[in-house]
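Read the structure below first, then the notes.
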Amino acid sequence: MGDKGTVAMVAMSHAAYSFDAEYSYLVPEKFRQKLRAGMRVFVSFGRGNNRVIGLVTRICDDDGSGRKLKPILAVVDSECLVTDEILKIIFWLKENTFCTYYDAFRTAVPTGFSYKADLHYAPVNTYIQKERLSPEEAEIIDFLEITEDQQEIDKFLDIKAFPERKKPLDMLIDKGFVEETQSFKRKVGDESVKMAALAEGYEDAELTPKQKKVVELLEECGAASVKELCYMTGCTATIIKRLCDKNAVRVFEQEVMRDTLGEITERESPDDITLNEEQTAAFDGIMALIRAGKPAGALLYGVTGSGKTSVFIKVIDAVLKMGRTAMMLVPEISLTPQMVARFKVLFGESIALLHSSLSLGQRMDEFKRIKRGEARIVIGTRSAVFAPASDIGVIIMDEEGEQSYKSDSTPRYHARDVAIQRCGHNGGLLLLASATPSLETFYYAQTGRFHLFTLKHRYKDAVLPKVEIIDMQTEAAEGNDSLLSRRLADELTETLQRNEQAILLLNRRGFTTYISCRSCRQPVVCPKCNIPLTYHRKNNRFMCHYCGYTMDNNAVCPNCGSDKLRSSGVGTQRVEDEVARIYPDARILRMDADTTTSRYAYEEKFKAFENHEYDIMLGTQMIAKGLNFPNVTLVGVISLDKALFTGDFRSYERTFSLLTQVAGRSGRGSKPGAAYIQTFVPDHYVLNLAADQNYDEFYEEEIALRQSLIYPPCCDICVIGFASTMESRAIRAADHVTQFIAQYLRTNKVDFPMRAIGPAPCTLEVINGKFRYRLILKSKNTRLFRQMINAVLKDFNDNKDFKEVRIYADINGDIGL
Ligand SMILES: Nc1ncnc2c1ncn2[C@@H]1O[C@H](COP(=O)(O)OP(=O)(O)OP(=O)(O)O)[C@@H](O)[C@H]1O
Ligand SMILES: [Zn+2]
């Protein structure tokens, strides 16, 4: 050994956290030319010598161990899917979010690039002394010699179906009597949705009551997506499969367009946009940072309607003209159709769109266009931050405080942190933007780590809406038991008379938010999560919003059997009813997770609202941010009180932001706007500061609170979570980890300021039948700290006592649930 590039370090695709490492393999002569770090390979791994797929993390000349290495068996990729930069990000993700190398790789590269490897076998044309083979080996050779059909051979040697054939087959390969070849198939075909319709002669099938419901619905609507069918009838996909087996229903795939940009009819040039004075000042400052070519961070802090988008457009245009690339991240693509449409008109084919509601095929196509440099503007949601763009001049994150930028499953990264890494590699600028920045970001802008640019005025001097708080306690005392206060109702009437539009906000979907029994006074809860169920009138079912469990509305209490159930609380469906009752002529558009199940629903509905096909848009927080409807002059918050008291340290920040932003949807055009916030806690300072749209003061209050209670940005916070079907196991696991940490600090003689809270049950103690506990650690996120967390996870995953307990570590995420 010692020749150039003879050793490859490989991380395995299915590695458990405790043995995730780079393993050395020999690179056979035939692969030496083409194999590079970032490609995937087949190797044999572990005691069983299982054939597994792995990622080459680096290539070196010698691993220095002097051991005899196993060879790489096959190379999967013909070109590298990751750039050197993304490979570095993969290492970074592993260290900072406690995932495996391959978890990180999977996140950075679209799923469609996962290959399904098919192995084929053929006899080698040599003389074989059959009497020296074992009977099992001889059987295989005999079969191969007489069979020509490749499919027959594949079936015979399908190791999953005939595991006993694996060993003799491997022996034959080792002895050189059988040759193994691989063919790779893409997992992805063209994009399609699964639809269901009634099959011919379905009337003859014998059906269970649940199956009947599905059939009745299909009789009404002809065809529906399987997802929608499940929602409306409360059945599972299995029931639909049973219906197929009975030949009552047929399921088919319906193709969906693969062109992400759609047709671009009009074109405009960014040159036609003229920035106003304030916007120009921000633009100049931002461009000076980009031109300096050094990694930097900046916050564009601009009130709602100040025209941050125009600044983005100009910045991106200038960056392209410098020959560099630009990325623009948004919290959720379906909620920003207006922004995407605007960019299409301005930049056309230079844009690549990356987000989770694209089909895998579409994502692969976009990924390739970016990698080849054909698309130099990437627009997308969280995972678009991994796009293989090179020479990035700017990464813009709009509404940077939004929760969706933080992943809450492995790898648990925040797009902002990854963007900082990428700007570091590229000498680019990270530009964060919002009217209500996260506390962390504003703190860094105040303390000099980020540059700060401010837009204080609305574009064209439109005025910020006048906001009023309405005390619902008084309303009730004065005999108004409607969901709408008299004030809001009057304003709504006037708005409609003026032919203007209104937005109503509420943070609960469904009809009523909980159901309880008048006899035993118990709430009706989800049997798996122990959380109150919500009544949905449209499908007449009780639903759990956490796990999706649904229950028939048979109107008996599962606890005592009484049929005196009472529903209370308010959901979007009930508000819709009430508003329709008061304003029979108003055209109402309801937007929540139940009305927007289809992928293009948002875009169409927002467009219809923009065209004034509706008068009132009513919905959950999805309608609160980023939208621009100049004819909206009234915003009403039906109720948001619950959001203030979720128990998460960010609940004030989130509520303040939501209220300020939703109020900011009002009066964006030439007509002045107003907003009304209904509440039972009218004196709460967060509501009052939001009504004043006074972020600066909110920041002062909130940062003082974070400092005294020690929460980010004053420290980092790491949640170690445990989940198990048995509560005692979750508790034991959490105790074990607590002790392990104490022991670790003692034996390694490390010492850093750290506070532990708990272990204690999570706010939602049970979800989907799993008991959940957590340990909260407050500390600085240093290398030493991460080493400790890494040791905790390794020890835990190695410990057979806790096989059934799931553990995770999450840094600076929400601790709310
Ligand atoms: N320089 C400009 N030229 C023409 N129109 C502009 C300009 N700047 C802003 N506008 C218009 O002003 C309105 C508000 O701008 P925009 O939606 O970008 O605000 P924003 O800062 O993103 O607000 P929010 O934070 O509330 O989403 C839009 O209708 C936009 O077209
Ligand atoms: Zn549930």
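No hydrogens, no waters, no symmetry mates; every other heavy atom, side chains included, goes into these values.
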Report task. Look at atom NZ of Lys770 and say whether more than 12 heavy atoms of other residues, nucleotides or ligands are closer to it than 6.0 Å. Result -> no
Requested in this report: Taking atom CD of Glu164 as the centre, report whether more than 12 heavy atoms of other residues, nucleotides or ligands fall under 6.0 Å from it.
Outcome: yes
Between the side chains of [Y] and [X], is the shortest nitrogen-to-carboxylate-oxygen separation below 4.0 Å, so that they form an ion pair?
X      : Y      : answer
Glu604 : Lys607 : no
Asp20  : Lys94  : yes
Arg574 : Asp577 : no
Asp245 : Lys241 : yes

Main-chain N/O of [Y] paired to [X] side chain as donor or acceptor, under 3.5 Å:
X      : Y      : answer
Arg732 : Phe802 : no
Ser724 : Phe771 : no
Arg729 : Asp801 : no

Under the rule for side-chain hydrogen bond (donor to acceptor under 3.5 Å, both in side chains), what residues qualify as partners of [X], not counting sequence neighbours?
X      : result
Lys166 : Asp170
Arg650 : Glu440, Asp814
Gln211 : Thr208, Lys246

Heavy atoms only: give me the nearest [X]-[Y] pair and the separation to one decimal.
X      : Y      : value
Ile240 : Cys230 : CD1-SG, 4.1 Å
Ile351 : Glu366 : O-OE2, 4.3 Å
Ile86  : Ala108 : CG2-CB, 3.8 Å
Phe609 : Ile616 : CE1-C, 3.9 Å
Arg250 : Leu198 : NE-O, 3.8 Å
Phe45  : Met12  : CD1-CE, 3.6 Å

Gap separating the [atom1] atom of [X] from the [atom2] atom of [Y], nearest 0.5 angstrom:
X      : Y      : atom1 : atom2 : value
Gln403 : Arg654 : CD    : CZ    : 4.0 Å
Arg590 : Leu504 : CZ    : CG    : 13.5 Å
Thr410 : Arg106 : OG1   : CZ    : 10.5 Å
Lys210 : Ile239 : NZ    : CD1   : 4.5 Å
Glu613 : Leu589 : CD    : CG    : 10.0 Å
His14  : Tyr102 : NE2   : OH    : 7.5 Å

Query raised in the report: Between Phe98 and Tyr17, is the gap from one ring center to the other below 6.0 Å?
Result: no
**Report entry** Check: Tyr413 ring centroid to Phe386 ring centroid under 6.0 Å
**Finding:** yes
Any side-chain heavy atom of [X] within less than 4.5 Å of one from [Y]?
X      : Y      : value
Ile89  : Val418 : yes
Tyr202 : Asn247 : no
Lys371 : Phe367 : yes
Ser407 : Arg382 : yes

**Report entry** Set of residues satisfying side-chain contact (heavy atoms from CB on, under 4.5 Å) with respect to Thr238, sequence neighbours excluded
**Finding:** Thr236, Arg242
Report summary line: Sorted by chain and number, sequence neighbours left out, side-chain contact (heavy atoms from CB on, under 4.5 Å) with Cys244 holds for Val249, Val251
Report task. Give the intermediate values and the outcome of side chain to side chain contact (heavy atoms under 4.5 Å, CB included) for residues Asp398 and Met339. Result -> CA-CA 11 Å; Asp398 193 27; Met339 171 138 22; 3.2 Å; yes
Query raised in the report: So, Tyr773 versus Glu727: side-chain donor-acceptor pair below 3.5 Å or not?
Result: yes
Can you list, pair by pair, the side-chain donor-acceptor contacts under 3.5 Å of residues 804-812, counting residues two or more places apart and other chains?
unit_1 : atom_1 : unit_2 : atom_2 : d
Asp810 : OD1    : Lys406 : NZ     : 3.0
Asp810 : OD1    : Gly813 : N      : 3.2
Asp810 : OD2    : Lys406 : NZ     : 3.1
Asp810 : OD2    : Arg412 : NH1    : 3.2
Asn812 : OD1    : Ile717 : N      : 2.8
Asn812 : ND2    : Asp716 : OD1    : 2.8

Query raised in the report: Could you go step by step and tell me if Ile503 and Leu627 meet the side chain to side chain contact (heavy atoms under 4.5 Å, CB included) rule?
Result: CA-CA 11 Å; Ile503 290 179; Leu627 297 165; 6.0 Å; no
Report task. Applying side chain to side chain contact (heavy atoms under 4.5 Å, CB included), run through Arg40 and Leu81 and close with a yes or a no. Result -> CA-CA 9 Å; Arg40 289 168 303 166; Leu81 296 178; 3.6 Å; yes
Report task. Test Leu505 against every option in Leu658, Val575, Ile638, Leu618 by the side chain to side chain contact (heavy atoms under 4.5 Å, CB included) rule and name the one that passes. Result -> Leu658
Report task. Kindly determine whether Leu354 and Ile379 satisfy side chain to side chain contact (heavy atoms under 4.5 Å, CB included), including the steps that lead there. Result -> CA-CA 6 Å; Leu354 286 176; Ile379 302 181; over 6 Å; no
